[in-house]
Structure formats: C-alpha cells, structure tokens
Amino acid sequence: PDEDSADAEPQLGDEEWTVPVSIGTPPQGFKLDLDTGSSDLWVFSTLLSKEEVNGQSLYDPNKSTTAAKMTGYTWDCHYGDGSFSSGYIYQDTVTIGGVTVAKQPVEVAKTVAPQFTQDTALDGLVGLGFWTINTAEPKKQKTFFENAAPNLEKGLFTADLKHEAPGSYNFGWIDENAHASNITYADVDSSDGYWMWTSPGYAVGDAKGINKTAIRGITDTGTTLLLLPDDVVDTYYGQVDGATWAEEWSGYVFDCNTTVPDFSFAVDNGTAKVTVPGEYLNYAENGDGTCYGGIQSDYGVGFSIFGDIAIKSAFVVFDQQNLKLGWASK
Ligand SMILES: O=C(NNC1=NCCC1)c1ccc(Br)cc1
C-alpha cells in the first residue's frame with residue numbers, strides 16, 4: 001500500500017531531509033525533519049518572537065478546530081549539535097505519508113536556536129526515537145510513530161534516503177522494490193532511547209576481509225556525518241593520501257582532488273555489509289582547496305553515530321515491534 005509513504009526532500013546539500021506534514025483542521029502544512037536521534041515532534045509556531053522566524057511556516061493552534069492545549073505541559077530539546085528549542089504542547093491531528101494520528105502531542109515552539117532560525121528549509125522536527133527521551137513535562141509523550149504503530153500492518157518504518165535526490169520514508173510496510181539485497185537485521189538496544197546497535201566490523205576501500213572490531217552506535221537521520229571510534233577513523237584516513245587532522249576545521253581534511261576510498265561496515269555476523277561510496281565521504285569544500293571528510297571521530301559522544309552519510313548508502317528498516325534494525329543495499 002503505497003499511501004503510507006512520505007517523500008523526503010534533501011536540503012542543504014544532503015544535510016537533512018524534510019517531509020511534508022499536515023497538522024490540524026483545516027490542515028496546516030509544514031516541512032519537518034524526520035529525526036531518529038530524538039523523540040519530540042515540534043513545529044515553529046505563532047508563539048515565536050518575530051526575530052526568531054525567518055520565513056518558516058508557523059503552526060497556529062487557534063486556527064485548528066481539533067487543537068487542544070495540554071495545560072501545564074512544556075517541552076525543552078537540546079540537540080547533539082548544540083541547537084535547542086522549547087515551548088508548550090497541544091494535541092492535534094497529524095498526517096505524514098498518508099498515516100494520520102489524532103490527538104498527537106504537537107510541541108509548539110516558543111523559543112528556537114539560531115541554527116533553526118537560519119535553517120529556512122525546515123519548520124520543525126518529527127522525532128522517531130523512543131518515547132523515553134521525549135522531553136515533555138510533567139509526563140513524557142509518545143512519538144508520532146509509537147502512536148501510529150498499532151494501526152499499521154507492521155510496527156516498523158523504513159528510510160530510503162538518497163544522495164542529492166529525494167528519498168522516502170514508509171510507515172508500516174517494506175517496499176520490496178526499494179532494496180536490492182536481502183535485509184540483514186541487527187538487534188537494537190533501546191535502553192538509551194536511541195536506535196542503538198553494534199556493527200561487528202568494517203573494511204576500507206575494496207578490502208575483502210573486515211577488521212573485526214565492534215562499532216556500537218546509533219542510527220540517527222538527524223546527524224549528517226558518520227562519526228566513528230578514533231582507531232577506525234585513523235585506519236580509514238591512513239588510506240587517504242595527504243589526509244590530516246586540521247585544528248582549524250576540527251576534523252580530518254584532505255586535498256579536494258584526492259580520490260577517497262569507500263568505507264564498509266558489517267551487519268550481523270559480518271556476512272552482510274553496507275558500503276558507503278567514497279564520493280559520499282568527501283563531504284564538503286572548506287574553501288581553501290581542502291575538503292572535509294564525511295567520516296569523523298565520535299570522541300566525547302560515548303558511542304558512534306551512523307548518520308545520513310551511512311543511511312543514504314542503504315535501505316534501512318527501523319523495526320520497533322521486534323527491536324531490530326535492518327540494512328540492505330539498494
Ligand atoms: O541531536 C541529535 N540528532 N538529531 C538532531 N541533530 C540536530 C537536529 C536534530 C543527536 C542525538 C544523539 C547524539 Br549522541 C548526537 C546527536
């Protein structure tokens with residue numbers, strides 16, 4: 001049933017993907033960033049001061065006949081990149097990709113960080129993590145997907161992000177035409193509220209065998225890059241001519257003309273693997289002839305982050321019902 005499908009538009013050079021979301025009656029339309037690394041659904045709103053708005057669409061609960069204020073409730077998000085947002089909460093009808101949830105907690109922004117004000121491509125976020133890291137007070141609220149799942153064929157959603165091209169998220173079903181190889185599943189540890197799993201190893205370039213070293217990390221559509229343990233990062237850049245860690249860029253850079261090798265990470269016992277094309281691993285030009293690598297250190301986070309650069313290299317199944325994460329080539 002392809003009605004449960006949302007087109008994901010790439011924004012800002014594959015820094016984020018937004019999907020069309022309807023909120024309220026009559027429906028108010030927004031472009032929201034589906035984020036598996038957080039669990040709040042929030043939207044720019046008429047409560048914001050004008051200085052914090054820069055063309056984004058504003059949700060106005062007073063114009064929705066189905067909006068109901070959750071009196072006494074607040075929310076307050078702080079993201080891994082230092083951005084933040086906070087405000088009050090209404091329940092209203094939310095539709096994404098043909099899936100409708102009535103009485104979905106909609107967190108209306110009263111304050112947003114400059115990063116969000118400047119990001120004219122999005123009007124808010126849809127957290128697709130686990131409710132345990134939702135920030136609503138006095139009681140945590142369920143995500144859009146957790147509320148929708150009981151009415152879906154399967155308690156899963158899939159992400160099919162593409163390099164510099166529209167991708168798609170599906171809710172409740174797996175599009176067998178969207179992936180080439182078999183889907184290999186890894187166990188998910190949701191105890192931190194994230195889609196946390198462990199890859200058994202990795203390979204650089206066209207190396208046949210894998211370096212058997214466990215890489216424990218989260219699969220986060222809200223993080224752009226692929227953040228990995230220092231020993232893996234050093235091994236990778238050891239095979240990139242002239243790559244060096246640049247203080248001024250706080251990361252590994254190399255000459256923009258450098259050929260950058262692929263990076264593969266294993267799934268399950270290592271039989272299956274996902275290959276990130278070298279092209280994706282030359283992430284951005286610094287403007288001085290050097291380019292910033294798509295693989296960087298996860299130092300300080302406490303675990304790795306399989307961000308968009310990894311996710312757009314595969315067809316990914318987020319199976320909440322069975323606590324599994326599926327990876328397939330496409
Ligand atoms: O915030 C996180 N992901 N989502 C988003 N980032 C920026 C806007 C949305 C995030 C989550 C966990 C870890 Br560890 C690091 C980062």
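No experiment lies behind these values; they were computed from the predicted model shown. One-based numbering, in listed order, for ligands and for the atoms of each.
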For atom 15 (C) of ligand 1, closest protein heavy-atom neighbour
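Heavy-atom neighbour on the protein nearest atom 15 (C) of ligand 1: Ile305 CD1, 3.5 Å.
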
Run the numbers for me: atoms of ligand 1, each under 4.0 Å from some heavy atom of [X], listed by number.
X: Asp81; result: 7 (C)
X: Leu125; result: 9 (C)
X: Phe303; result: 14 (Br)
X: Gly37; result: 11 (C)
X: Thr223; result: 3 (N), 16 (C)
X: Val301; result: 14 (Br)

Before signing off on this row, confirm whether [X] and ligand 1 have an N or O atom pair separated by under 3.5 Å.
X: Asp220; value: yes
X: Asp35; value: yes
X: Gly222; value: yes

Going by heavy-atom distance to atom 16 (C) of ligand 1, choose the closest among Gly82, Gly129, Gly80.
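That would be Gly80.
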
Without hydrogens or angle criteria, can the side chains of Asp40 and Ser38 be said to hold a donor-acceptor pair below 3.5 Å?
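Checked: Asp40/Ser38 side chains show no N/O donor-acceptor pair below 3.5 Å.
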
Under a plain distance cut-off of 3.5 Å, with no hydrogens placed, do Ser297 and Asp230 share a side-chain donor-acceptor pair?
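There is such a pair between these side chains.
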
Report the part of Ile218 in contact with ligand 1, treating N, CA, C, O as backbone and CB onward as side chain, heavy atoms under 4.0 Å; options are side chain, backbone, both, neither.
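Just the side chain.
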
Over 60° means perpendicular and under 30° means parallel, so tell me whether Tyr252 and Tyr237 are parallel, tilted or perpendicular.
parallel

Verdict with supporting geometry, Glu107 and Tyr59, side-chain contact (heavy atoms from CB on, under 4.5 Å):
CA-CA 10 Å; Glu107 301 177 3; Tyr59 170 62; over 6 Å; no

Donor-acceptor pair, distance only, cut-off 3.5 Å: does the side chain of [X] make one with the backbone of [Y]?
X: Asp189; Y: Ser191; answer: yes
X: Ser39; Y: Ile133; answer: no
X: Gln141; Y: Lys139; answer: yes

Distance (rounded to the nearest 0.5 Å) between Asp255 CG and Thr244 OG1
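Atom-to-atom, Asp255:CG and Thr244:OG1 are 12.5 Å apart.
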
